[in-house]
Amino acid sequence: MAARIEHLVTSGTFSLDGGTWDVDNNVWIVGDDDEVIVIDAAHDAEAIAAAVGGRTVRAIVCTHAHNDHIDAAPALAARTGAPILLHPDDLPLWKQTHPDRSPDGELADGWVLAVAGVELTVLHTPGHAPGAVCLHSPGLAALFSGDTLFAGGPGATGRSYSHFPTIVDSIRDRLLTLPGETVVHTGHGDTTTVGAEAPHLQEWIDRGF
């Protein structure tokens, strides 16, 4: 059976710089009836495991290490035996949430993950976090953008470890160069497309958002 994209929303909190906020997170499951990759194990390992069912989890990929995207990763890894993969530049953020459990492997720009006959290429897109990555799958016409790009603009850059000019460079150089029909599956909220967001880059720059 051909690879497909499945979507789960989990709820919890995001904490950084002394503040805590309620959030809903998108969890993306990419694969077929036999094997999957989980992108961003957020909040609820039980719910994610139930969505996976009896399928083999090849990897738990973290688009970045803010706690709301990684809090359920160790529990899901323990249940499934899957490795947790994170870009090393986000290890300081990871350690804030999981000081006694390290990721199992490192993501690197250009690295390719394969599952169910499709490939997902890692794009290092710092700005929202130093080790933020997106995953691009031409075969699925899909981009998994984490918190780098949303419907309506870039991810937030007003807290520690973030930088607005850097996220703008990442979006301009790494994401808006992709085919316009590429569907952007975001870390929170609704999907969008590269083509829908590209015309607004200068607006974001002008208003610092």
Side-chain angles (χ1 to χ4, degrees), residues 3-87 90-105 107 113 115-116 120 122 128-129 131-135 137 140 142-151 155-156 159 161 183-192:
R4 61 187 182 272
I5 299 167
E6 300 168 37
H7 178 213
L8 179 69
V9 177
T10 58
S11 300
T13 59
F14 165 58
S15 299
L16 190 65
D17 297 338
T20 298
W21 300 266
D22 292 330
V23 288
D24 296 326
N25 283 64
N26 294 326
V27 180
W28 302 101
I29 300 172
V30 182
D32 59 13
D33 288 346
D34 299 317
E35 60 177 10
V36 299
I37 288 174
V38 174
I39 302 171
D40 287 343
H43 307 306
D44 192 338
E46 295 292 326
I48 299 168
V52 168
R55 295 176 288 180
T56 298
V57 180
R58 296 297 180 193
I60 300 165
V61 179
C62 308
T63 62
H64 61 294
H66 284 152
N67 73 289
D68 57 319
H69 290 256
I70 64 167
D71 51 1
L76 185 64
R79 286 187 61 124
T80 63
I84 301 170
L85 306 180
L86 176 75
H87 193 284
D90 257 23
L91 278 174
L93 278 167
W94 171 275
K95 290 298 185 182
Q96 291 184 14
T97 303
H98 301 301
D100 300 319
R101 168 50 157 111
S102 296
D104 301 296
L107 296 170
L113 299 95
V115 65
L120 296 92
V122 176
H128 181 69
V133 302
C134 299
L135 301 175
S137 178
L140 294 172
L143 176 75
F144 300 92
S145 65
D147 286 2
T148 295
L149 179 64
F150 291 110
R159 301 188 180 98
Y161 299 96
V183 177
V184 181
H185 301 275
T186 61
H188 308 271
D190 296 332
T191 60
T192 183

Give the minimum heavy-atom separation between F150 and G155, together with the two atoms involved.
CE1-CA, 3.6 Å

Evaluation steps, side chain to side chain contact (heavy atoms under 4.5 Å, CB included), between H43 and V23
CA-CA 10 Å; H43 307 306; V23 288; 3.8 Å; yes

For P103 and L91 the tightest heavy-atom approach is CD-CD2, 3.7 Å

Of all heavy-atom pairs linking G131 and H87, the shortest is O-CB, 3.1 Å

Could you state the interatomic distance from CG (L76) to CG (D71), rounded to the nearest 0.5 Å?
11.5 Å

Do H66 and D147 meet the criterion of a side-chain donor-acceptor pair at a distance under 3.5 Å?
no

If you compare all heavy atoms of A51 against all heavy atoms of I29, which two are closest, and at what distance to 0.1 Å?
CB-CD1, 3.7 Å

Looking only at non-hydrogen atoms, find the nearest pair between H69 and G187 and report the distance.
CE1-CA, 4.1 Å

Using side-chain heavy atoms (C-beta onward) and a distance below 4.5 Å, is K95 in contact with S102?
yes

Show, in sequence, the C-alpha distance, side-chain angles and deciding distance for F144 and I37, and conclude whether the side chain to side chain contact (heavy atoms under 4.5 Å, CB included) test is met.
CA-CA 12 Å; F144 300 92; I37 288 174; over 6 Å; no

Verdict with reasoning, I5 to W28, per side chain to side chain contact (heavy atoms under 4.5 Å, CB included)
CA-CA 7 Å; I5 299 167; W28 302 101; 3.7 Å; yes

From CA spacing to verdict: salt bridge (Lys or Arg N to Asp or Glu O under 4.0 Å), D33, R4
CA-CA 9 Å; D33 288 346; R4 61 187 182 272; 2.8 Å; yes

State, yes or no, whether a side-chain contact exists between T191 and H7 at a heavy-atom distance under 4.5 Å.
no

Less than 4.5 Å apart, any side-chain heavy atom of V52 and any of T80?
no

With sequence neighbours left out, what residues match S145 under side chain to side chain contact (heavy atoms under 4.5 Å, CB included)?
C134, L143, L149, V184, T186

I70 side, atom CD1; R101 side, atom CZ - distance, nearest 0.5 Å
11.0 Å

Side chains of D40 and V61: does their closest heavy-atom pair fall under 4.5 Å?
no

List the atom of A42, the atom of D68, and the distance in Å for their closest heavy-atom pair.
CB-O, 3.0 Å

Under a 4.5 Å cut-off applied to non-hydrogen side-chain atoms, are D24 and H188 in contact?
no

Report yes if the side chains of L113 and V115 come closer than 4.5 Å at any heavy-atom pair, otherwise no.
no

For L135 and I39: C-alpha separation, side-chain torsions, deciding distance, then whether side chain to side chain contact (heavy atoms under 4.5 Å, CB included) applies.
CA-CA 9 Å; L135 301 175; I39 302 171; 3.6 Å; yes

Other residues, nucleotides, ligands: >12 heavy atoms within 6.0 Å of D190 CG:
no

May I ask you to decide if G189's main-chain N or O and N26's side chain share a donor-acceptor pair within less than 3.5 Å?
yes

Checking side-chain polar atoms at under 3.5 Å, does S15 have a donor or acceptor matched by the opposite partner on N67?
no

Any residue meeting side chain to side chain contact (heavy atoms under 4.5 Å, CB included) with Y161, in chain and number order, not counting sequence neighbours
P92, L93, Q96, P130

